[in-house]
Amino acid sequence: MQTYTAESIQVLEGLEAVRKRPGMYIGSTGPKGVHHCAWEIIDNAIDEAGAGYSDAIRVELHPDGSLSVEDNGRGIPVDIHPKLGIPAVRVAFEQLHAGGKFDGTVYKSAGGLHGVGASVVNALSGWMTVEIKRDGKRYRLEYANGGHLKSDLTIVERNVKGTGTKVIFKPDLLIFKETTAFSPNTLRNRLQELAFLNSGLRIILKTPTNEAVFSSQSGLAGFVEFINKDSDSSPVQKKIIQFKGERDQVVVECAIQYNDGDNEDLFSFVNNIPTIEGGTHESGLRTAMTRVFNTFGRRGGIFKGDESFIGDDLKDGLTCVLSLKVAEPQFEGQTKTKLSNSEIEGIVQSIANEGLSAFFENNASVAKDVLSRVLATTKARLAEKKAKEIKKKAKDAGAKALSGKLAACSERNPKANELFLVEGDSAGGSAKTGRDRKFQAILPLRGKVLNTYRAKLDKVLENEEIRSIITAIGAGMGKEFDLARSNYDKVCIMTDADLDGAHIRTLLLTFFYRFMRPLLFAGHVYIAQSPLYKVEKGKEVRYAYDDNELKAAFKALGRSAKVQRYKGLGEMNPDQLWETTLNPANRRMIQVTIEDAVDAEHKLKVLMGDQVEPRKEFLMENIVFEEGDF
Ligand code: 1YM
């Protein structure tokens, strides 16, 4: 039985406070809280390694659900605390906030979430045993039921080799009602991470079914490699950029690698704690990277015109780990994982400036590969910006060009509406008068339509006729073309039945093929057919669309019938145009159906290629249209 002094009663009152409000100390009493206990003890071992006194940590998950953490450091001091009259190790495990080191020189690993110390874990444990190897002796100290001393510090072995600390504990089921189980996976992930963050440290994890060793000689470079291991993207550089520096007792370490993907993976840590929300250290690094990349880019003469890197250009394909050791980190943000110390920004910036510059100086080929990777992003950004400007200009100009030209229809139903692209102003005028204005819109095409087969996007958009068509259809163009937004169910090309007309028709089809392909493929493009002849006898009128029909008309009306040959659409009056070409009841229309994109491309090549003469003959007979039911 232990005797309770006033001192020990006070201690138990402190630990009792932790048991009353565990959430205040470890965040939650769910699985997260259970693991928080593990991190606390592991942190202490990591600190000892960080201070340079140990190089190995062994974590073991035992079959009874307890966890042991052992290091080969100095061993927690066992000498009697001058004021409290008990061994220092007992102070560490009994007094709240006794975690602060006596000499005060080392940073405390834990900012924010961590660092509430061994005493809190003790208070929340069903039982806990501490074993210390020091001065050739092995000491043992035992607690039970939330920090009640079970057996005071005693020497259990002499002539012991080595030094170190081992803490074994089991979370208390009275506190962690849901579960007290440690997840091997969660332990493994965090220990792997800690091994990368603390180069040269060996971390062993033993579970009832497995044993693994984590260690990294290459430190953060190994971390970056590990992150990229399962990635689909390939690195663009042979060697990982790495630098390390210290200023004003802040240690900064960083590793950087670029790949050909467009993801950004930047992981930052402060005192081994992930800073998920970023903070001043990340902004310092980004500023330095942008500056150094620009300096070396300019020096290498890689920029054309007014090109230069902006911060966002450096993100695509970046894998980066940034790790800091800071004496007094301050955290803010939603999850308290954002570093807010303002002095850190400048410190990281200057260390990164120096480190990166030195690395680029010494590794010219890596610098070249990295800078050309980032330049690709810059070029893509500038091209997109230019395309946006052109599109905006084209949109404005298109709307302007369209006003007064397009005779819109009154119905607002894209499923029923038809747009006629009509060659020439005079035919356009007749069509405007002759149409059914409810569902038929007329867009007269004045000048020559641009040959878009080999034209660049900006040239295409400079063409006024093309812009009018894009604006009238209203579904965009190119990659952004959205068939669902089309204002019309049928887009009908209506040109004269001569070579010029055929040429214009082909130019329009080329445009649709290149820039509104879904419209063409879904069968929304048509060729309007106007008659070649009008045959008349008395009040009886027949239209003939080819020579066979002309013969048939003569047969029906007799030899004395009068015949008129139309040389162009313009020769028809509005009524005739309605009767023969516009009226859905009588008209003939050819639906353009392209079965095979490759075949179509080939034909367009033949039709729109450089040689003019062979094309002329070819146009009328061999064009890619197929007869529909109209
Ligand atoms: C398995 C967990 O806690 N290791 C550990 C802890 C301490 C020391 C060494 C240590 C620190 C100092 C001097 C010092 C701690 N000591 C204390 C306190 N592993 C684990 N290893 N000598 C040894 O900071 O001056 C708290 S933690 F307070 F008792 F000194």
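Quantities reported herein were computed from a predicted structural model and do not represent experimental measurements. The analysis underlying the following values was restricted to heavy atoms, covering all of them including side chains, and did not include hydrogens, waters or symmetry mates. Atoms within a ligand are numbered from 1 in the order they appear, just like the ligands themselves.
- Using a 4.0 Å cut-off between heavy atoms, V69 contacts ligand 1 through both its backbone and its side chain.
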Next item on the list: Determine, step by step, whether E157 and R140 satisfy the side chain to side chain contact (heavy atoms under 4.5 Å, CB included) criterion, reporting the C-alpha distance in whole Å, the side-chain angles of both residues, the deciding distance to 0.1 Å, and the verdict.
Entry: CA-CA 9 Å; E157 197 183 334; R140 185 177 291 146; over 6 Å; no
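- Using cut-offs of 30° and 60° on the angle between ring planes, the pair F293 and Y258 is tilted.
- No heavy atom of V89 sits closer than 4.0 Å to any atom of ligand 1.
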Next item on the list: Using the side chain to side chain contact (heavy atoms under 4.5 Å, CB included) rule, take C254 and Q242 through it: C-alpha gap first, then chi angles, then the decisive distance, then the call.
Entry: CA-CA 6 Å; C254 184; Q242 199 168 9; over 6 Å; no
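- Near G75, with a cut-off below 4.0 Å to any heavy atom, the atoms of ligand 1 are 22 (N), 23 (C).
- F214 meets the ring-ring contact (aromatic ring centres under 6.0 Å, His included) test with no other residue; sequence neighbours excluded.
- Heavy-atom contacts of I76 reach the following atoms of ligand 1: 3 (O), 5 (C), 6 (C), 7 (C), 15 (C), 16 (N), 17 (C), 29 (F) (cutoff under 4.0 Å).
- Checked by distance only, ligand 1 and D71 come closer than 3.5 Å through their nitrogen or oxygen atoms.
- Considering only non-hydrogen atoms, atom 3 (O) of ligand 1 lies nearest to N44 out of T163, I46, N44, N72.
- Look at P77 and you'll find a heavy atom under 4.0 Å from some atom of ligand 1.
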Margin query: side chain to side chain contact (heavy atoms under 4.5 Å, CB included) for M128 and L141? Distances and angles first, verdict last.
Written below: CA-CA 8 Å; M128 175 179 269; L141 169 66; over 6 Å; no
Quick one: side chains of residues 201-208, donor-acceptor pairs under 3.5 Å with protein atoms, not counting sequence neighbours, listed by atom name and distance.
from, atom 1, to, atom 2, distance (Å)
T207, OG1, T209, N, 3.4
T207, OG1, N210, N, 3.1
T207, OG1, N210, O, 3.3

